[in-house]
> 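Below is the structure I would like to discuss, written out as structure tokens.
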Amino acid sequence: MSQRGLYAITDSALLANGKLLPFVEAALQGGARWLQYRDKSGDRGRRLDEASQLAQVCKRYDCQLIINDDLALASRLGVGLHLGQEDGSLHEARQQLGSQALIGATCHASLELADQAVNAGASYIAFGRFFQSVTKPGAPAATPVLLQQARQRFTLPIIAIGGITLHNAPQLLGAGADYLAVINGLFGASDAGAVQQRASNFSQLINAC
Ligand SMILES: Cc1ncc(COP(=O)(O)OP(=O)(O)O)c(N)n1
Ligand SMILES: Cc1nc(C(=O)O)sc1CCOP(=O)(O)O
Ligand SMILES: [Mg+2]
């Protein structure tokens, strides 16, 4: 598995009206290495259906699929899982999904939360939000200095999230982020071609830093 790259995250509102699959495929064609399925609808049938389709697309592009919030769905599909602080026990998720599963944890702006996540078996730690986020404006703020401190303390992959664009990404990469997790700065594009171009630009930037 690659240790750096673009981490694309879906959003049900942004990718409504038939955009989910074509926009995701465009992001993978542009080089996204990880994809998180993030759906807050609570519609279990739809979630299973969409996540299953994404699993097939990800397989074709050798991209790691990660399910947000939903251990049962991740377990059913045999893919990765992302858990926030209110989303259940990381330790239990690790026990259920096994030692090989990719499991990520939200750590906001806290090295202490990251310590706890590592001890509970996380595969990666995610910090944010670094910039104003249209998708999640209320998320607690973090600074690039935190990334530098995390880089010195942890060896597992460090993810940066929140308001990331091609313009502001270099400072996060310079501070030590391994993966850039992006929703609006990627899927906010007007069409699939533009999504692919953005993904390709992000990927080139990450490889260059
Ligand atoms: C890579 C990544 N980092 C952070 C989050 C946020 O998780 P959480 O705090 O549980 O918030 P929701 O995404 O569930 O609204 C994430 N999803 N992915
Ligand atoms: C889902 C999420 N979690 C955040 C955190 O800081 O934990 S910020 C965020 C939204 C990311 O979307 P965008 O790239 O559009 O800002
Ligand atoms: Mg969550």
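Indexing begins at 1, ligand by ligand and atom by atom, following the structure's order.
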> Counting only heavy atoms, which portion of Ser133 has something under 4.0 Å from ligand 2: side chain, backbone, both, or neither?
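Ser133 to ligand 2: contacts from backbone and side chain alike.
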
> Test side-chain contact (heavy atoms from CB on, under 4.5 Å) on Asn184 and Leu14; report intermediate values, then the result.
CA-CA 8 Å; Asn184 200 63; Leu14 209 51; 3.7 Å; yes

> Report the nearest protein non-hydrogen atom to atom 2 (C) of ligand 1: residue, atom name, distance rounded to 0.1 Å.
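The protein heavy atom lying closest is His82 CE1, 3.3 Å.
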
> Which atoms of ligand 2 sit under 4.0 Å from any heavy atom of Gly128?
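What qualifies from ligand 2 is 6 (O).
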
> Counting each atom of ligand 2 from 1 as listed, which ones have a heavy atom of Gly163 under 4.0 Å away?
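So the atoms of ligand 2 that pass are 13 (P), 14 (O), 16 (O).
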
> For atom 18 (N) of ligand 1, state which one of Gln36, Arg38, Lys40 supplies the nearest heavy atom.
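Heavy atom nearest to atom 18 (N) of ligand 1 belongs to Gln36.
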
> With heavy-atom distances below 4.0 Å as the criterion, list the atoms of ligand 2 near Ala139.
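Those atoms are 5 (C), 6 (O).
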
> Who gets closest to atom 12 (O) of ligand 2 by heavy atom: Thr106, Asp11, Thr135?
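Closest candidate by heavy-atom distance is Thr135.
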
> Go through it in stages, so that I can follow the logic: the residues are Thr10 and Asp39, the test is side-chain contact (heavy atoms from CB on, under 4.5 Å), and I'd like the CA-CA distance, side-chain angles, deciding distance and then a yes or no.
CA-CA 8 Å; Thr10 69; Asp39 175 278; 6.0 Å; no

> Should Gly185 be listed as contacting ligand 2, given a heavy-atom distance under 4.0 Å as the test?
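It does not; every heavy atom stays at 4.0 Å or beyond.
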
> Nearest protein heavy atom to atom 14 (O) of ligand 2, by residue and atom, and its distance?
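The closest heavy atom on the protein side is Ile183 N, 3.0 Å.
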
> Please could you name the atoms of ligand 2 that Arg38 approaches to less than 4.0 Å, counting only its heavy atoms?
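Matching atoms, with element in brackets: 1 (C).
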
> Within a distance under 4.0 Å of any heavy atom of Lys136, pick out the atoms of ligand 1 and give their elements.
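This gives 8 (P), 9 (O), 11 (O), 12 (P), 15 (O) as the contact atoms.
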
> Which of the atoms in ligand 1, numbered in the order shown and given with their element, are less than 4.0 Å from a heavy-atom of Asp87?
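In order of numbering, the contacting atoms are 10 (O).
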
> Just jot down the ligand 2 atoms closer than 4.0 angstrom to any heavy atom of Gly162, in number order.
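Going through ligand 2 atom by atom, the ones under 4.0 Å from Gly162 are 8 (S), 16 (O).
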
> Report whether any nitrogen, oxygen or sulfur of Glu86 sits less than 2.8 Å from the Mg ion (ligand 3) (N, O or S, backbone or side chain).
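Checking Glu86: none of its N, O or S atoms is under 2.8 Å.
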
> For ligand 1 and Tyr7, I'd like to know whether there is a polar contact (N/O to N/O, distance under 3.5 Å).
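Min N/O separation from ligand 1 is not below 3.5 Å for Tyr7.
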
> Any atom of ligand 1 sitting under 4.0 Å from a heavy atom of Tyr179?
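Contact check Tyr179 vs ligand 1: negative.
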
> Looking at side-chain heavy atoms only, is the closest gap between Thr106 and His82 below 4.5 Å?
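The answer is yes; the side chains approach within 4.5 Å.
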
> Give yes if a backbone or side-chain nitrogen or oxygen of His108 is under 3.5 Å from a nitrogen or oxygen of ligand 2, and no if not.
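No: no nitrogen or oxygen of His108 is under 3.5 Å from one in ligand 2.
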
> Mind checking the CD1-CG spacing from Ile158 to Leu172? Nearest 0.5 Å is all I need.
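Ile158 CD1 to Leu172 CG: 12.0 Å, rounded to 0.5 Å.
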
> Drop me the distance from Gln95's CD to Leu97's CG, to the nearest 0.5 angstrom.
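CG of Leu97 is found 10.5 Å from CD of Gln95.
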
> How close does the nearest protein non-hydrogen atom get to atom 8 (P) of ligand 1, and which residue and atom is it?
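Of the protein heavy atoms, Thr106 OG1, 3.6 Å lies nearest.
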
> Any donor-acceptor pair under 3.5 Å linking the side-chain atoms of Ser203 with those of Arg33?
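Arg33 vs Ser203: no donor-acceptor pair found between side chains.
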
> Would you mind listing which atoms of ligand 2 come within a distance below 4.0 Å of any non-hydrogen atom of Asn184?
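Per the distance check, 13 (P), 14 (O), 15 (O).
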
> If you take the nearest heavy atom of each of Ile9, Leu14, Ile161, which one is closest to atom 2 (C) of ligand 2?
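Answer by nearest heavy atom: Ile161.
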
> Working to the nearest 0.5 Å, report the span between CD1 of Ile206 and SG of Cys209.
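Answer rounded to 0.5 Å: 8.5 Å.
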
> For the hydrophobic clusters of this structure (ILVMFWY residues joined by side-chain heavy atoms under 4.5 Å, transitively), does one cluster hold both Val195 and Leu28?
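Yes; Leu28 is reachable from Val195 via cluster members.
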
> Would you call the rings of Tyr124 and Tyr7 parallel, tilted or perpendicular, taking 30° and 60° as the class edges?
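Perpendicular.
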
> Would you check whether His108 has a nitrogen or oxygen atom less than 3.5 angstrom from a nitrogen or oxygen atom of ligand 1?
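There is no such contact.
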
> At less than 4.0 angstrom from any non-hydrogen atom of Lys136, what atoms of ligand 2 do you find?
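Counting atoms of ligand 2 from 1, those under 4.0 Å from Lys136 are 1 (C), 2 (C), 3 (N), 9 (C), 10 (C).
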
